[in-house]
**Q** 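Next up is a structure, given as structure tokens.
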Amino acid sequence: MTAADQATFSDHVASAVPAFQRRIGLFDATMLVAGAMIGSGIFIVSADIARDVGSSGWLLAVWALAGAITILGALSYAELAAMMPHAGGQYIYLREAYGPLWGFLYGWTLFLVIQTGTIAAVAVAFAKFLGVLIPVLGTNSYLLSLGDFKISAGQCVAAAMIAGLTLVNCRGVSAGTWIQNIFTVAKTLALIVLIVVGLWFAADSETIRANWQEPWAGIYDTARYETIAQTLTAKPWLSALMVAGGAMVGALFSADAWHNVTFTAGETINPQRNLPLSMVLGVGLVIGLYLLANVAYLRALPLHGSDSGITPIERGIDHAKDDRVGTAVLEKIAPRYGAPLMAIAIMISTFGCLNGLILMGPRLYYAMAQDRLFFAAAGELSSRSVPAKGLLMQGAWSLLLVFSGTYSQLLDYVIFAALLFYALTVAGLFVLRRNRPQAERPYRALGYPWLPAAYILLCSLIMLDLLIVKPMFTWPGLGIVLTGVPAYFLWRRR
């Protein structure tokens, strides 16, 4: 074989090796951001926050601060996404700023709990609301019961959802983004309809007056405030701030996963432009909708109610049945159809969220495997140019979490770990600005260094507050992260 023939043969082999295909445009990426953020949380979480903070002003303040933190994070991540537009996203940023150990710890926690646990929880949420329409398929319909171990029909539905969407995404990135676009548009419109109903059709002057008569005083009467005031500090203002900080867990979790789109940088068209723009547009859209939704809740329902109440008005936001605040708003104007309509809306929302989470996660495992820090099979692309084996690994672990029933507790643990990695990633901006001053930066973080510094400070304060206020959740979360240290060195030895 001549040298020319050898070169031709080598080029043919290289072209036959599957590679990522850039098929994700700006609209697709924005839908991935918004779709991953909007799940079932915005329809439920406000009830728990209301019980903690006890007043309308604090309820909106918690959501507004969570939104501000998320937007600051997106503006900071945008520079890193434009600077390093490679598959793996946040794993790459942490690796380049601090070294492979820190990137691995994030990827390890993501696979072990954050991504897979969220996938399990969102799939079960879908099944839970399917149970409103078809009770025999819900989470309260048990198929097997062996002592404390139970398998419900809802768990089987959740497993089927995970398996089906995993297989769909194995067919190619276009199939996944097509589903994502349709369901994200649908659930955005559903949320807008709920907002319109709450702001105008279900609103009444008596409820509005009651909610805003003393918008800041109610926090001093809550059980959470009393616990903190008795055990931690006697200063009312400090106790109130600590209560609000602890209440932010639900709001932050409802606004999470916005950065997952950076995992798909290898498949994004013009990633230096489209990744930063998609995060800013997607996060801005969702946070705006979340704030409007809570204003709508406060116009339609009294903040305070009774657990023994019959009607949505009697139960209020803080005692909404099963915490379904969105359902209560619709039931106020359509008692017969409110619950099924909201169940359909949340099923659409959770389906789109689930698809986005399943699509994006394996791109990070691919980057880890390329560095020989994860199972080698996860670093292979199928003939359809997707990390199919990584998708199957993620799906298998998510299914295990669904049937173990531990996903809910695990997710309570990881919000602290997620905040830790967010703060470290944004701090990486400062590290990389110093260590790589000449690197190409198509986009520079808005308000640098003050806004990124503010993000790090706010995350740090919330983490400190959670360590004190909710230690039963935060310390186990830190422990999950630390289990990655021996795993990292074992992988390095291999």
Side-chain angles (χ1 to χ4, degrees), residues 14-38 71 73-93 96 115 165 168-186 188 257-286 352-353 355-370 378-388 390-391 425 439-446:
S15 63
V17 175
F20 281 129
Q21 299 176 2
R22 295 195 181 276
R23 294 184 174 179
I24 300 176
L26 176 60
F27 179 77
D28 303 321
T30 304
M31 292 299 96
L32 284 171
V33 174
M37 292 176 71
I38 304 174
I71 290 171
L75 291 173
S76 300
Y77 271 57
E79 176 175 323
L80 296 169
M83 178 184 172
M84 294 174 280
H86 311 300
Q90 190 168 348
Y91 164 77
I92 302 292
Y93 313 152
E96 295 303 305
Q115 198 80 357
L165 286 174
V168 167
N169 279 281
C170 285
R171 295 183 58 82
V173 70
S174 295
T177 54
W178 181 77
I179 290 175
Q180 192 67 25
N181 293 346
I182 291 174
F183 279 86
T184 300
V185 170
T188 300
W258 52 269
H259 65 289
N260 279 12
V261 72
T262 64
F263 304 167
T264 68
E267 296 152 288
T268 303
I269 301 167
N270 192 5
Q272 291 93 337
R273 170 185 177 271
N274 289 338
L275 283 180
L277 264 178
S278 66
M279 283 191 286
V280 172
L281 293 174
V283 168
L285 169 68
V286 173
C353 179
N355 179 73
L357 293 169
I358 288 172
L359 185 155
M360 292 183 282
R363 276 65 181 174
L364 183 139
Y365 317 141
Y366 170 88
M368 292 176 67
Q370 290 292 304
E380 301 172 5
L381 297 182
S382 70
S383 59
R384 296 179 181 271
S385 300
V386 295
L391 279 160
T425 303
E440 183 182 358
R441 291 176 170 84
Y443 168 86
R444 288 179 175 266
L446 183 68

**Q** With no hydrogens and no angle check, is any side-chain donor or acceptor of Asn181 less than 3.5 Å from a backbone partner on Trp178?
**A**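 It does not hold such a pair.
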**Q** Can you name the side-chain contact (heavy atoms from CB on, under 4.5 Å) partners of Gln180, sequence neighbours left out?
**A**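 Partners of Gln180 by the side-chain contact (heavy atoms from CB on, under 4.5 Å) criterion, ordered by chain and then number, come out as Leu32, Thr184, Asn355.
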**Q** How long is the gap from CD1 on Ile92 to CE on Met84, to the nearest 0.5 Å?
**A**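 Answer for the CD1-CE pair, Ile92 versus Met84, is 8.0 Å.
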**Q** Suppose we screen for side-chain contact (heavy atoms from CB on, under 4.5 Å). Which residues come up paired with Ala369, at least two apart in sequence or across chains?
**A**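 Phe374, Ala378.
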**Q** Report the residues that fulfil side-chain hydrogen bond (donor to acceptor under 3.5 Å, both in side chains) with Gln21, sequence neighbours left out, ordered by chain and then residue number.
**A**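 By the side-chain hydrogen bond (donor to acceptor under 3.5 Å, both in side chains) rule, Gln21 matches Arg23, Ser385.
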**Q** If I take atom CD from residue Gln370 and atom NE2 from residue His86, how far apart are they, to the nearest 0.5 angstrom?
**A**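 The NE2 atom of His86 is 12.5 Å from CD of Gln370, to the nearest 0.5 Å.
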**Q** Please name the pair of heavy atoms, one in Ala29 and one in Val261, separated by the smallest distance, quoted to 0.1 Å.
**A**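 Taking Ala29 first and Val261 second, the nearest heavy atoms are O-CG2, 3.8 Å.
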**Q** I'd like to check the side-chain contact (heavy atoms from CB on, under 4.5 Å) partners of Ala439; sequence neighbours left out, ordered by chain and number.
**A**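 Only Met83, Arg436, Arg441 meet the side-chain contact (heavy atoms from CB on, under 4.5 Å) criterion with Ala439.
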**Q** Kindly give the heavy-atom pair with the smallest separation between Tyr443 and Ala78, and that separation in Å.
**A**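 Between these two residues, the closest heavy atoms are CE2-CB, 3.3 Å.
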**Q** Could you report the tightest heavy-atom contact between Ala445 and Ser76, atom names first, then the distance?
**A**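 Minimum heavy-atom contact is CB-CA, 4.2 Å.
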**Q** Could you grab the distance from atom OG1 of Thr262 to atom CG of Leu80, nearest 0.5 Å is fine?
**A**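 Those atoms lie 9.0 Å apart.
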**Q** Give the minimum heavy-atom separation between Gly176 and Asn169, together with the two atoms involved.
**A**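 That would be CA-OD1, 3.3 Å.
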**Q** Please test Thr268 against Phe20 for side chain to side chain contact (heavy atoms under 4.5 Å, CB included), starting from the C-alpha separation and ending with a verdict.
**A** CA-CA 9 Å; Thr268 303; Phe20 281 129; over 6 Å; no
**Q** Name all residues meeting the side-chain hydrogen bond (donor to acceptor under 3.5 Å, both in side chains) criterion together with Tyr93; count only those two or more places apart in sequence or in a different chain, and write none if there are none.
**A**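 By the side-chain hydrogen bond (donor to acceptor under 3.5 Å, both in side chains) rule, Tyr93 matches no residue at all.
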**Q** Check side-chain contact (heavy atoms from CB on, under 4.5 Å) between Ser382 and all other residues, then give those that pass, not counting sequence neighbours.
**A**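 Testing Ser382 for side-chain contact (heavy atoms from CB on, under 4.5 Å), a comparison that skips the adjacent residues, returns Arg384, Val386, Ala388.
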**Q** List the atom pairs, donor and acceptor, that lie under 3.5 Å between side-chain atoms in residues 271-286 and the rest of the protein, sequence neighbours left out.
**A**
| unit_1 | atom_1 | unit_2 | atom_2 | d |
| --- | --- | --- | --- | --- |
| Asn274 | ND2 | Ile269 | O | 2.5 |
| Ser278 | OG | Asn274 | O | 3.0 |
| Ser278 | OG | Leu275 | O | 2.8 |

**Q** Under the side chain to side chain donor-acceptor pair (under 3.5 Å) rule, what pairs show up with a residue in residues 358-369, not counting sequence neighbours?
**A**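 Residue pairs with at least one partner in residues 358-369: Glu267-Arg363, Tyr365-Gln394.
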**Q** Quick one: pull up CE in Met31 and CG in Leu26 and give me the separation to the nearest 0.5 Å.
**A**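 The distance works out to 9.0 Å.
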**Q** Would you give the length of the straight line joining atom CD of Gln115 to atom CG of Leu364, rounded to the nearest 0.5 angstrom?
**A**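 Rounded to the nearest 0.5 Å, the CD-CG separation comes out at 8.5 Å.
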**Q** Run the side chain to side chain contact (heavy atoms under 4.5 Å, CB included) check on Leu359 and Thr177 step by step: do they pass?
**A** CA-CA 8 Å; Leu359 185 155; Thr177 54; 4.3 Å; yes
**Q** Which residues satisfy the side-chain hydrogen bond (donor to acceptor under 3.5 Å, both in side chains) test with Thr188, sequence neighbours excluded?
**A**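 Counting only residues at least two positions away or on another chain, Thr188 forms no side-chain hydrogen bond (donor to acceptor under 3.5 Å, both in side chains).
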